[in-house]
There are 2 protein chains.
Amino acid sequence: MSMNYAFKALSDPTRRKILDLLREKDMTAGEIADHFQMTKPSISHHLSLLKQAQMVYDERKGQNIYYSLNTTVFQDLLKWFIQFH
Amino acid sequence: MSMNYAFKALSDPTRRKILDLLREKDMTAGEIADHFQMTKPSISHHLSLLKQAQMVYDERKGQNIYYSLNTTVFQDLLKWFIQFH
DNA sequence: GTAATATTTAGATAAATTCCTAAATATCTA
DNA sequence: TAGATATTTAGGAATTTATCTAAATATTAC
């Protein structure tokens, strides 16, 4: 059940900030990392958890890997929250 | 910032199930615990994290402590998710 | 006030998470 | 093919989390 991974992914503020960044525009792993005071391997790990949660897509373009939002899981989450309204 | 606690609270499936239970009706700590194969102290701990996240209210009535949903944080969360829509 | 019931608090342990450095992989360019 | 750049993978240390048992607190009923 993918919502489980999504909720886990969302529990970390760094990952939520990554999602916020991707809301503005698609970015390479390096560009994303530039927004944090954290090593690239650490950011890479966060990206892999977001990918596991199916909250982002990754696509290689030459040397770079571009990350973008995958909004399908967000819709499921939105439905979950609306129940509590 | 209370959203941080809320996201942390939501990362655990037991806590999400507690919230689901409280969606149906208010319940005592004991009634909630009866829905899980877990000791009462463990459930009590989960309840305290939900309270810290301001996602539930607690109110003592005699020997029992009744838990109920506090939906104000849910509205903030909903707003957060709508941004990704 | 003592016993019974409901719940929480304290303290401990095992597992999961976050972050780091070093090494590996993939791609591009000369 | 060798070197440079972008990114991930591997392995490990420190912290946090989830859970348990035992003890403490609060309330009720006799």
Side-chain angles (χ1 to χ4, degrees), chain A residues 1-22 24-70 73, chain B residues 1-22 24-70 73:
Chain A
M1 195 249 223
S2 62
M3 291 254 283
N4 206 337
Y5 285 108
F7 277 116
K8 275 262 190 283
L10 289 167
S11 70
D12 183 88
T14 298
R15 289 192 289 269
R16 291 200 303 278
K17 192 172 165 195
I18 289 173
L19 292 172
D20 267 330
L21 288 171
L22 293 179
E24 300 302 319
K25 67 173 174 33
D26 299 355
M27 282 180 163
T28 68
E31 285 177 310
I32 293 168
D34 288 344
H35 287 82
F36 297 89
Q37 293 190 312
M38 196 179 289
T39 63
K40 282 169 198 227
S42 295
I43 294 298
S44 180
H45 179 241
H46 285 304
L47 288 169
S48 107
L49 293 180
L50 287 169
K51 205 170 79 174
Q52 179 180 216
Q54 296 183 270
M55 304 185 90
V56 299
Y57 295 112
D58 63 333
E59 184 188 4
R60 179 177 281 277
K61 284 183 183 161
Q63 277 171 299
N64 300 296
I65 296 175
Y66 277 83
Y67 282 88
S68 58
L69 286 180
N70 175 354
V73 174
Chain B
M1 194 252 225
S2 62
M3 291 254 284
N4 206 337
Y5 285 107
F7 277 116
K8 274 263 191 283
L10 289 168
S11 71
D12 183 88
T14 298
R15 290 193 289 270
R16 291 199 302 278
K17 192 173 164 193
I18 290 173
L19 293 171
D20 266 331
L21 288 171
L22 293 179
E24 300 302 318
K25 68 174 178 18
D26 299 356
M27 283 181 163
T28 68
E31 285 176 312
I32 293 168
D34 289 343
H35 287 81
F36 298 89
Q37 293 190 312
M38 198 179 287
T39 63
K40 282 168 199 229
S42 294
I43 295 298
S44 180
H45 178 241
H46 285 303
L47 288 169
S48 110
L49 292 180
L50 287 169
K51 205 171 79 175
Q52 179 180 216
Q54 295 182 271
M55 304 185 91
V56 300
Y57 295 113
D58 64 332
E59 184 188 3
R60 180 177 281 276
K61 284 183 183 160
Q63 277 171 298
N64 301 296
I65 296 175
Y66 277 83
Y67 282 88
S68 58
L69 286 180
N70 175 353
V73 175

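All heavy atoms count here, side chains included; hydrogens, waters and symmetry mates do not.
Of the two residues contacting DNA chain C, namely B:G30 and A:P41, the nearest-nucleotide position lying further toward the 5' end is that of B:G30.
Remark: C1' of C:dA6 and CZ of B:R60 are 7 Å apart, rounded to the nearest angstrom. The separation between B:D34 atom CG and C:dT5 atom P is 15 Å, rounded to whole Å. Note: CG (B:L47) to C1' (C:dA6) measures 13 Å, nearest angstrom. Atom P of nucleotide C:dC20 and atom CD1 of A:I43 are separated by 9 Å, given to the nearest angstrom. Between the CG atom of A:D58 and the C1' atom of C:dT25 there is a distance of 15 Å, given to the nearest Å. Rounded to whole Å, atom P of C:dT7 lies 9 Å from atom OH of B:Y67. As a whole-Å value, the separation of B:H45 NE2 from D:dA23 P is 21 Å. Straight-line distance from the CG atom of B:L50 to the C1' atom of D:dT17: 14 Å, rounded to whole Å.
At a threshold of 4.5 Å between non-hydrogen side-chain atoms, the residues A:N4 and B:R16 count as touching. At least one side-chain heavy atom of B:F36 sits less than 4.5 Å from a side-chain heavy atom of B:K17. Proximity of A:R15 to A:M55: side-chain heavy atoms (C-beta onward) are nowhere separated by under 4.5 Å.
Phosphate proximity of D:dA6 to A:Y66: absent, as no side-chain N or O sits under 4.0 Å from OP1 or OP2. A sub-4.0 Å separation between OP1 or OP2 of C:dT5 and a side-chain N or O of B:N64 is absent. Regarding contacts with the backbone of C:dT18, a side-chain N or O of A:R15 is found under 4.0 angstrom from either OP1 or OP2. Listed pair A:H46 / C:dT17 fails the phosphate criterion, with no side-chain N or O lying under 4.0 Å from OP1 or OP2. OP1 or OP2 of D:dC20 has at least one side-chain nitrogen or oxygen of B:T39 nearer than 4.0 Å. Within the structure, every side-chain polar atom (N or O) of A:T28 is placed at least 4.0 Å from both OP1 and OP2 of D:dA6.
Contact annotation for A:F36: no contact, since no heavy-atom pair falls under 4.0 Å across all strands. Across all strands, B:K8 comes closer than 4.0 Å only to sugar-phosphate atoms, never to a base (heavy-atom distances).
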- Task: Kindly determine whether B:N70 and B:L50 satisfy side-chain contact (heavy atoms from CB on, under 4.5 Å), including the steps that lead there.
- Result: CA-CA 10 Å; B:N70 175 353; B:L50 287 169; over 6 Å; no
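Of the candidate nucleotides D:dT8, D:dA18, C:dT8, D:dA18 has the atom lying nearest to any side-chain atom of B:L49. Listed nucleotides D:dT19, D:dT21, D:dA26 differ in distance to B:S42; the shortest reach to its side chain belongs to D:dT19.
In terms of polar N and O atoms assigned as donor or acceptor, the side chain of A:Q63 comes within less than 3.5 Å of the base of D:dT5 in a complementary pairing.
Heavy atoms of other residues, nucleotides or ligands lying less than 6.0 angstrom from NZ of A:K8 number more than 12.
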